[in-house]
Amino acid sequence: METKIMKINPNSPDPSLIEEAASYIRRGDLVGFPTETVYGLGGDARQRSASRKIYQAKGRPSDNPLIVHIADMDSLYEIAKDIPENALLLAQSAWPGPLTMIFKKTDKIPLETTGGLNTIAVRMPGHKIALELIKRAGGFIAAPSANISGRPSPTLASHVYEDMKGKIPCIIDGGKVGIGIESTIVDFTEERPTILRPGFLNPKQIETVIGFVKVDEGLLKGKGKKPKAPGMKYRHYAPRAELTIVEGDLLEVVYKIRCLTDEGQKAGKKVGVIGSQETIFLYEKGVVKNIGSRSDEIGIAGRLYRILREFDEEEVDCIYSEAFQTPDMGEAIMNRLLKAAGHRVIKV
Ligand code: TXA
Ligand code: MG
């Protein structure tokens, strides 16, 4: 199958191009499209066969449910029920935006889309192209991140092309995404609202609106519990090279990474390093990437996946990264980095 790339200006999307992309989705095919978080791989959430195609194109286990993307509040009531007041308050303050909420599902969405669960994840993305595409495609687009299962999520259309070339008919190129890390998932089917996946929207922001939010115990270290979002249990977001995080006092971290880089190079390996603006000049060897200033958390989150993919292109054998326990987004950044590293951490 030939994969067509359609360039669309995200600030003033050309309706005729979006209409063409939407026609693929209406007839049951898949389209790669930008959202404000990461690129999605979209299909009509109501068509069983479209959901099956999504799992197939990604190589994703079929028990890992998809997020259904909507463009208006009326659509929410068609696919979700028993929606608590707090969820509506949160929707009012964070939608359209990087928030996904889980509710009980109605029969409108088939079990193929929700990985066999009777709950449903819903998100209204804050991106003009995405919203227009959803409207024209009939209102309900099931879309996981548009990467092959296990690879870093795409933040550029070229990343989608790398992973989906020949498997889908169309990719919308709307440029670089704004956020670069996936939405925060909040589960409203438990007694207390619970964060199942940390994301751009942080717990403090959520608590300002609804008073209290729990964090899924399966995400916390040492609890020995399984995460409730099926997708959080897989090794994920991972580059091909072995990634190790070095954690501790920053200067000691730099020293350790310098030693590890030396050792790796002596062993004949191509070594990658993820450093920050504050430390980058201290690394002299290896393929060194600057993830940005430690005071710019949004920038760090936004560059992470792209850097992991760049290392793949440059065919490094191993990567050492500093840890980024930043105040607001540290949770989300470290969640992705730890998963990419398969939890390989060296403490200094
Ligand atoms: O920012 C995002 O959320 C992006 C863009 C494209 O919207 N989408 C995304 O989808 O990250 P995906 O499929 O890569 O991740 C969806 C996550 C998975 O961890 C999945 O297990 C979880 O959401 N999930 C979906 N439905 C669920 C449900 N009913 N109960 C629990 N977890 C659910
Ligand atoms: Mg994903």
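What you see is a predicted model, and the numbers here were worked out from it, not measured in a lab. Counting starts at 1 for both ligands and their atoms, following the listed order.
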Ranked by distance from atom 6 (C) of ligand 1, the top protein heavy atom is Gly40 CA, 3.7 Å
Would you call Asp312-Arg151 a salt bridge at under 4.0 Å N-O?
yes
Cationic N near anionic O, under 4.0 Å, Glu36 to Arg123:
yes
Test the Lys289-Phe311 pair against the cation-pi criterion, namely NZ or CZ under 6.0 angstrom from the six-membered ring centroid and within 45° of the ring axis.
yes
Under 6.0 Å from the ring centre and within 45 degrees of the ring axis: does the NZ or CZ of Arg192 meet both conditions for the six-membered ring of Phe212?
yes
Contact check: [X] vs ligand 1, nitrogen or oxygen atoms, below 3.5 angstrom:
X      : answer
Arg123 : yes
Glu182 : no
Lys58  : no
Leu117 : no
Thr35  : no

N/O/S from Ser149 sitting under 2.8 Å away from the Mg ion (ligand 2):
no
Nearest non-hydrogen contact with atom 32 (N) of ligand 1 belongs to which option: Ala229, Gly231, Pro227?
Ala229
Going by atom types only, do Glu182 and Ser145 share a side-chain donor-acceptor pair under 3.5 Å?
no
Any side-chain heavy atom of Ile245 sitting closer than 4.5 Å to one from Ile346?
no
